[in-house]
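Notes follow once the structure below has been shown.
In what follows, every heavy atom counts, from backbone to side chain, and hydrogens, waters and symmetry copies are set aside. Every chain is numbered from 1, with letters handed out A, B, ... down the list of sequences.
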Protein chains: 4
Amino acid sequence: MNERSFILGFIMHNKHDLILRAAEKIIAAGGIQGLSMQQVANEAGVAAGTIYRYFKDKNELILELRRDVLSQVANSIFADHDQGSLEQRFKRIWMKMHDYGKQRSPTNLSYEQYAHLPESNTEEIRTIEMQLFEPLQRLFQEGVEQGVFQPLHPRALYSISMEPSMAMARAIRRGLIEYNAKDITLACDICWRAILIPTPPTN
Amino acid sequence: MNERSFILGFIMHNKHDLILRAAEKIIAAGGIQGLSMQQVANEAGVAAGTIYRYFKDKNELILELRRDVLSQVANSIFADHDQGSLEQRFKRIWMKMHDYGKQRSPTNLSYEQYAHLPESNTEEIRTIEMQLFEPLQRLFQEGVEQGVFQPLHPRALYSISMEPSMAMARAIRRGLIEYNAKDITLACDICWRAILIPTPPTN
Amino acid sequence: MNERSFILGFIMHNKHDLILRAAEKIIAAGGIQGLSMQQVANEAGVAAGTIYRYFKDKNELILELRRDVLSQVANSIFADHDQGSLEQRFKRIWMKMHDYGKQRSPTNLSYEQYAHLPESNTEEIRTIEMQLFEPLQRLFQEGVEQGVFQPLHPRALYSISMEPSMAMARAIRRGLIEYNAKDITLACDICWRAILIPTPPTN
Amino acid sequence: MNERSFILGFIMHNKHDLILRAAEKIIAAGGIQGLSMQQVANEAGVAAGTIYRYFKDKNELILELRRDVLSQVANSIFADHDQGSLEQRFKRIWMKMHDYGKQRSPTNLSYEQYAHLPESNTEEIRTIEMQLFEPLQRLFQEGVEQGVFQPLHPRALYSISMEPSMAMARAIRRGLIEYNAKDITLACDICWRAILIPTPPTN
DNA sequence: GATGAATGAGTGTTCATTCAT
DNA sequence: CATGAATGAACACTCATTCAT
């Protein structure tokens with residue numbers, strides 16, 4: 001996280017973050033291509049020139065927001081990630097991802113913008129992504145090592161069992177599926193069982 | 001003259017499609033936000049003004065490309081989609097999606113750009129998407145009706161069992177996973193079995 | 001006049017004049033600045049390139065139309081201009097000018113566009129204007145020579161006594177004055193008497 | 001900074017007016033159709049983008065200039081308009097109009113451009129025109145009410161007696177008539193007497 | 001002669017960035 | 001530190017003109 005000062009331990013009021021939040025809001029509403037420095041300045045309540053005291057240029061603002069958004073998402077999803085059994089940890093993360101992805105919050109909406117960008121800024125961003133999603137990585141590795149999960153690359157297991165969480169959340173957010181708590185629980189369970197190595201029936 | 005000419009009976013070289021392919025290429029490389037009409041003109045080897053003989057404005061060019069890309073993808077994926085059992089059909093589509101998604105072709109790369117756009121042009125595009133992916137929709141409905149698939153909305157089944165296909169393809173394309181034919185076959189099978197209602201062991 | 005062929009002695013059907021009439025119509029409706037070669041082509045029912053067989057470029061088209069419109073106006077106004085007394089001739093021209101200027105015909109409307117242009121194409125156009133309005137010039141000169149009109153330059157007499165005719169017509173056409181035949185007759189008479197040298201009452 | 005600064009307490013040099021004066025100059029020289037934003041920028045000595053800080057778009061620049069020019073003209077012509085007898089007031093306005101119309105000043109030349117435009121921006125502009133020329137309107141109405149002027153619509157009286165003032169000015173400016181102070185005085189007197197109701201000779 | 005597709009310079013306009021205050 | 005007026009390159013788009021057919 002990159003907060004600098006807190007008021008009541010809650011809202012950041014330094015200009016740097018003010019600007020970041022403004023950019024996030026605008027991207028959430030109109031997409032990255034609809035981001036102008038003037039808008040950010042207006043939304044943040046500062047002069048256009050002020051942005052350049054905190055960010056070298058537009059690219060860096062976008063990049064820094066990307067980092068920031070990414071860590072916000074990771075923080076939300078991986079709280080308490082180490083508690084409990086593999087299944088509990090998996091399902092907790094799956095549900096948190098899902099709940100997070102269903103939100104219309106600026107952070108989530110701008111995260112989605114970033115997540116599917118062509119290939120920009122690859123190296124640094126990729127490293128950050130790796131670090132942040134490391135808990136998940138670890139989860140899958142443990143499962144594989146314990147012979148519980150299918151013998152696949154952790155990232156493949158992620159694709160198979162976690163991407164559906166976000167995908168369904170997106171579909172619900174966009175109104176393509178009606179939300180139904182039971183279905184989500186079922187889906188979560190399906191995803192969990194999907195990557196398990198089937199145990200032979202004991203009889 | 002702008003009659004259609006073919007190279008090897010395959011690629012059309014009329015200006016309209018020339019421009020579309022140029023735009024596709026640029027979007028694939030630099031994203032939609034990096035698309036300027038001048039670039040398209042240069043890439044297509046025509047004058048800037050020429051584009052406007054074929055497309056009302058930039059928006060229409062983008063929209064038409066979106067339609068075009070969407071139907072190319074659908075055509076690639078849903079060839080022979082009605083042949084065989086549910087399982088054969090599912091796996092054929094899953095593998096084709098995967099193979100398609102792994103490509104670095106302009107069409108695939110620009111498809112990915114479009115697929116995750118905020119919410120633009122919703123009505124028409126959504127209709128087209130629906131039509132094109134109707135075979136898949138039908139597949140899931142049949143499975144549910146036959147009591148073979150989990151009792152979920154077709155779109156949810158899609159999210160759970162098909163999105164992983166694309167997600168893995170993306171991960172491979174980006175070098176996050178090393179490609180391994182056996183793993184893919186396994187993943188495909190996992191996805192297939194994931195949405196099946198488990199049958200009690202008969203013995 | 002520059003007609004080339006007649007059908008039934010009435011409508012000109014060569015392309016040259018077809019294009020001229022089309023341009024006239026467009027200028028009447030949208031002003032000179034709203035004249036595009038493509039529009040002229042469409043309106044005339046010919047291809048854009050065809051215009052260039054008949055006119056060197058846009059400037060020449062406009063210039064030639066200007067000439068053409070000017071001579072049409074002059075023809076309408078100065079028919080039978082030499083019949084009758086000074087007063088009859090003056091009033092006949094005044095009324096014709098007025099009637100002509102009230103029209104919403106393409107010719108009149110585009111004439112008005114041309115009449116108040118900055119200073120373009122001065123030399124040639126000025127000569128044409130002179131020739132065409134020569135009957136009027138002559139009328140004023142005769143009047144001055146006969147000691148009937150005020151001792152002013154013919155052009156000044158024109159300004160004083162004839163411009164009001166057009167000005168009123170314009171005001172009526174634009175709805176600023178309601179048309180009233182008696183008022184026009186009165187105005188015409190006022191203009192006539194205005195430039196006469198008052199004769200001392202005989203008694 | 002863009003506070004207003006004065007040179008000799010007279011000419012404003014803030015950017016807004018600088019741009020307006022530049023546009024006026026260009027229109028005076030080449031007509032409204034020859035007005036490009038780039039030219040205005042060059043003439044005003046500012047960057048093209050700067051214009052858009054002061055005017056929403058080209059249309060608004062033109063509209064605002066039109067208003068500005070109109071009020072400059074009215075101010076010049078109607079100073080002290082209420083002093084003296086009907087005849088004094090009429091002749092003072094007539095002469096001022098004439099003097100003004102003879103000038104080659106950008107303001108006058110661009111005024112002439114605007115005055116004869118097809119019918120654009122009618123509502124607002126017409127209202128402004130009405131307000132500004134209201135003194136003249138009042139003059140004619142008084143004259144009619146007092147039974148001194150011919151019983152015609154004020155606008156008709158304007159056409160008959162005032163338009164010649166501008167028409168002669170234009171003719172002189174264009175070199176069609178040689179300037180001669182005595183002739184102007186005569187013309188002014190002719191126009192004045194033209195709209196009077198002739199009084200029967202007292203003998 | 002006639003066509004209309006193609007051109008490319010030019011238009012109005014936007015916007016990231018700078019810098020005097 | 002902060003401002004926001006100013007910049008000017010880049011953008012989407014238009015249109016007079018050319019020329020292969």
Side-chain angles (χ1 to χ4, degrees), chain A residues 14-16 19 33-42 44-62, chain B residues 1-3 14-16 18-19 33-42 44-62, chain C residues 14-16 19 33-42 44-62, chain D residues 1-3 14-16 18-19 33-42 44-62:
Chain A
N14 61 69
K15 293 244 164 90
H16 180 273
I19 291 165
Q33 72 224 76
L35 185 82
S36 93
M37 297 303 260
Q38 193 53 63
Q39 266 180 90
V40 175
N42 293 345
V46 302
T50 303
I51 298 176
Y52 290 83
R53 294 222 155 267
Y54 298 93
F55 304 91
K56 204 185 106 245
D57 57 19
K58 193 184 182 183
N59 253 332
E60 195 160 292
L61 167 59
I62 288 177
Chain B
M1 272 215 256
N2 67 343
E3 81 290 358
N14 60 65
K15 291 256 158 74
H16 180 273
L18 206 59
I19 291 164
Q33 74 227 72
L35 184 82
S36 95
M37 297 305 259
Q38 195 50 242
Q39 267 180 90
V40 175
N42 293 346
V46 301
T50 302
I51 299 175
Y52 292 85
R53 290 202 74 71
Y54 297 95
F55 304 91
K56 205 184 106 252
D57 56 19
K58 193 184 180 184
N59 253 332
E60 196 159 292
L61 168 59
I62 288 176
Chain C
N14 60 69
K15 294 245 163 87
H16 181 272
I19 291 164
Q33 71 224 76
L35 185 82
S36 93
M37 297 304 261
Q38 194 53 63
Q39 266 181 92
V40 175
N42 293 347
V46 302
T50 303
I51 299 175
Y52 291 82
R53 295 223 154 267
Y54 297 94
F55 304 90
K56 200 183 112 249
D57 57 18
K58 193 183 181 184
N59 254 333
E60 194 160 293
L61 168 59
I62 288 176
Chain D
M1 276 216 253
N2 68 340
E3 79 289 2
N14 60 68
K15 291 255 157 76
H16 180 274
L18 205 59
I19 292 165
Q33 74 228 73
L35 184 82
S36 95
M37 297 305 260
Q38 196 49 243
Q39 268 179 90
V40 175
N42 294 344
V46 301
T50 302
I51 300 174
Y52 291 85
R53 289 203 72 74
Y54 298 94
F55 304 91
K56 206 184 104 254
D57 56 19
K58 194 183 181 184
N59 252 332
E60 196 160 291
L61 168 59
I62 288 177

Please classify the nucleic acid contact of C/Leu61 as base, sugar-phosphate, or nothing, using heavy-atom distances under 4.0 Å. nothing

Would you mind classifying the nucleic acid contact of C/Ile51 as base, sugar-phosphate or nothing, using non-hydrogen atoms under 4.0 angstrom? nothing

Between A/Ala48 and C/Gln38, name the one whose nearest nucleotide on DNA chain F is closer to the 5' end. A/Ala48

Contact nearer the 5' end of DNA chain F, comparing D/Thr50 with B/Met37: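 Here D/Thr50 is the residue nearer the 5' end.
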
Report the secondary structure of DNA chain F in dot-bracket form, marking unpaired bases with a dot and bases paired to a different strand with |, and treating Watson-Crick or G-U pairs with both distances under 3.5 Å as paired. .||||||||||||||||||||

Below 30° counts as parallel, above 60° as perpendicular, anything between as tilted: where do the rings of D/His16 and D/Phe55 land?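 The rings of D/His16 and D/Phe55 lie parallel, inter-plane angle below 30°.
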
Please give, in whole Å, the distance from [N] [atom2] to [X] [atom1]?
X: C/Asn42; N: E/dG4; atom1: CG; atom2: P; result: 10 Å
X: B/Glu60; N: F/dA12; atom1: CD; atom2: P; result: 16 Å
X: B/Arg53; N: E/dA6; atom1: CZ; atom2: C1'; result: 8 Å
X: C/Leu35; N: F/dT14; atom1: CG; atom2: P; result: 17 Å
X: B/Ile19; N: F/dA12; atom1: CD1; atom2: C1'; result: 15 Å
X: D/Phe55; N: E/dT14; atom1: CZ; atom2: P; result: 15 Å
X: A/Asn59; N: E/dC15; atom1: CG; atom2: P; result: 16 Å
X: D/Tyr54; N: E/dT14; atom1: OH; atom2: P; result: 17 Å

Test applied, side-chain contact (heavy atoms from CB on, under 4.5 Å); reference residue, B/Met37; option that passes from B/Asp57, B/Leu61, B/Asn42, B/Ile19: B/Leu61

Please tell me if A/Ser36 has a side-chain N or O lying less than 4.0 Å from either OP1 or OP2 of E/dC15.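 No, A/Ser36 has no side-chain N/O under 4.0 Å of OP1/OP2 on E/dC15.
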
Quick one: is F/dA6 close enough that its OP1 or OP2 comes under 4.0 Å of any side-chain N or O from D/Lys15? yes

Give me the atom names and distance for the closest heavy-atom approach of B/Ala41 to B/Ala47. CB-C, 4.0 Å

Please name the pair of heavy atoms, one in D/Gln38 and one in D/Ala48, separated by the smallest distance, quoted to 0.1 Å. NE2-CB, 3.7 Å

Would you mind telling me which residue lines up with the more 5' stretch of DNA chain E, A/Lys58 or D/Tyr52, judged by nearest nucleotide?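 The residue closer to the strand's 5' end, by nearest nucleotide, is D/Tyr52.
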
Which comes earlier along DNA chain E counting from the 5' end, the contact point of C/Ala47 or that of D/Lys56, where each point is its nearest nucleotide?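 Result: C/Ala47.
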
Are any of the side-chain heavy atoms of C/Leu35 and C/Lys58 separated by less than 4.5 Å?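 Sidechains of C/Lys58 and C/Leu35: in contact.
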
